[in-house]
Every structure is written in structure tokens, then in C-alpha cells.
Amino acid sequence: MSDIPGRSARPLRVGTTHVVTLRGELHLLAAPALRARLDTLTARPCPDLVLDLRPVSFTDCSGLGVLCRVRNRVRARHGRLRLVTGSASLRRVLRHTGMAGVFELLPCMPVGVAGPPATDTVGSAVL
């Protein structure tokens with residue numbers, strides 16, 4: 001196991017949409033592994049990515065940086081990124097950093113995307 005904190009389920013593919021459930025903390029130690037995984041998922045044209053952030057307990061500026069990076073990659077490839085979160089603290093951080101309107105935020109999984117939960121753990125990195 002890696003010494004990077006956190007964990008994630010393997011990406012679940014529903015149609016053309018990739019669903020990734022992030023768990024634990026999005027912080028400086030987890031950012032490189034998360035960035036690499038999301039870069040892979042957003043490498044093709046028109047990526048459709050749903051990041052389920054509901055199990056995330058903490059996000060620092062490094063985690064926000066990764067979310068901004070994946071958003072920019074998706075937009076450059078004419079795709080779609082949706083963040084699923086009910087976290088008032090994440091919404092507050094986005095508002096205070098001027099990014100409240102930058103992301104498409106959803107309180108629950110979009111209709112047609114919610115499939116069986118992916119339970120396979122990939123290392124111990126937040127991916």
C-alpha cells in the first residue's frame with residue numbers, strides 16, 4: 001500500500017460517462033495520484049466525468065487545484081464535468097475562492113448515471 005492517504009473506488013463506466021467516487025481527503029499528498037488518474041480519464045475527446053465527492057472529508061488548495069485542472073482539461077476537450085457533493089464546507093470554499101459558479105455541482109448522482117457501487121479499492125490514494 002502507498003503512504004498516500006485516502007482511497008477510491010475504481011472508476012465505474014456507465015455508457016460513455018466515467019463515475020469516480022473519491023474518499024478521504026483531497027490534499028497535498030493525494031493530489032499527484034489523483035491528478036494522474038483524472039488526466040487518464042480526460043485524455044480523449046468529449047470526456048464525460050462525474051466525480052462523487054460525498055465521501056470526501058477534507059479538501060485543501062491542492063485538491064481544489066486538481067479539480068480546476070480536470071475542469072480545464074474537460075472543457076478543452078469539449079466534455080462535461082459534474083461534481084456530486086452535499087458538503088456545505090466545499091460549497092463555502094468554492095464561494096470564498098470565487099469558484100462557486102465554475103463547477104456544475106449536483107446534490108446527488110444524476111439520473112441514468114447511478115449504477116452499482118464500485119467497491120474495488122485502488123491502493124490507498126484518493127483517486
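Keep in mind that the numbers below use all heavy atoms, side chains included, and drop hydrogens, waters and symmetry copies.
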Student: Using a 3.5 Å distance criterion without hydrogens, assess whether the side chain of Asp52 forms a donor-acceptor pair with backbone atoms of Met109.
Tutor: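 Checked: no pair found.
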Student: Going from CG on Leu51 to CG on Leu34, what distance comes out if it is rounded to the nearest 0.5 angstrom?
Tutor: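 Between Leu51 CG and Leu34 CG, I get 7.5 Å after rounding to 0.5 Å.
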Student: Taking Phe58 as the starting point, is it possible to reach Val66 by hopping between hydrophobic residues whose side chains are less than 4.5 Å apart?
Tutor: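 No, separate clusters.
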Student: Should Leu28 and Leu22 be regarded as members of a common hydrophobic cluster, given that ILVMFWY residues are connected when their side-chain heavy atoms come within less than 4.5 Å of each other, either directly or indirectly?
Tutor: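 Leu28 and Leu22: separate clusters.
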Student: Any chance you could measure Glu25, atom CD, to Ser62, atom OG, to the nearest 0.5 Å?
Tutor: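 Output value for this atom pair is 12.0 Å.
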Student: Find the distance between CG (Leu81) and NE2 (His18) and round it off to the nearest 0.5 Å.
Tutor: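 Interatomic distance, Leu81 CG to His18 NE2, rounded to 0.5 Å: 13.5 Å.
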Student: Mark yes or no for whether Arg82, through its side chain, and Pro110, through its backbone, hold a donor-acceptor pair below 3.5 Å.
Tutor: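 No, because the side chain of Arg82 does not come within donor-acceptor range (under 3.5 Å) of the backbone of Pro110.
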Student: Would Leu38 and Arg69 satisfy side chain to side chain contact (heavy atoms under 4.5 Å, CB included), going step by step from the backbone distance to the final call?
Tutor: CA-CA 9 Å; Leu38 296 178; Arg69 176 186 172 89; over 6 Å; no
Student: CG of Leu106 to CG of Leu83: how many Å apart, nearest 0.5 Å?
Tutor: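 Spacing of CG (Leu106) from CG (Leu83) equals 8.0 Å.
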Student: Kindly indicate, with the supporting measurements, whether the criterion side chain to side chain contact (heavy atoms under 4.5 Å, CB included) is fulfilled by Val93 and Thr59.
Tutor: CA-CA 9 Å; Val93 167; Thr59 304; over 6 Å; no
Student: What pairs of residues pass the side-chain hydrogen bond (donor to acceptor under 3.5 Å, both in side chains) test when at least one of them lies in residues 83-92, not counting sequence neighbours?
Tutor: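 Residue pairs passing side-chain hydrogen bond (donor to acceptor under 3.5 Å, both in side chains), neighbours aside: Ser87-Ser89.
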Student: Search all heavy atoms of Arg54 against all heavy atoms of Pro107 and return the closest pair with its distance.
Tutor: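 The answer is CD-O, 4.2 Å.
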Student: Using the side chain to side chain contact (heavy atoms under 4.5 Å, CB included) rule, take Leu90 and Val56 through it: C-alpha gap first, then chi angles, then the decisive distance, then the call.
Tutor: CA-CA 10 Å; Leu90 178 59; Val56 172; over 6 Å; no
Student: Do other residues, nucleotides or ligands put more than 12 heavy atoms under 6.0 Å from the CZ atom of Arg77?
Tutor: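 Yes, the 6.0 Å shell around CZ holds more than 12 heavy atoms from other groups.
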Student: Is the shortest heavy-atom distance from the side chain of Thr21 to the side chain of Pro55 under 4.5 Å?
Tutor: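 Thr21 vs Pro55: side chains touch.
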Student: State whether the side chain of Arg71 and the backbone N or O of Phe103 hold a donor-acceptor pair below 3.5 Å, judged by distance alone.
Tutor: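 Looks like no, no N/O pair under 3.5 Å.
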Student: Measuring from Leu94:CG to Leu64:CG, what's the distance to the nearest 0.5 Å?
Tutor: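 Between Leu94 CG and Leu64 CG, I get 6.0 Å after rounding to 0.5 Å.
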Student: Measuring from Asn72:CG to Leu67:CG, what's the distance to the nearest 0.5 Å?
Tutor: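 It is 11.0 Å, given to the nearest 0.5 Å.
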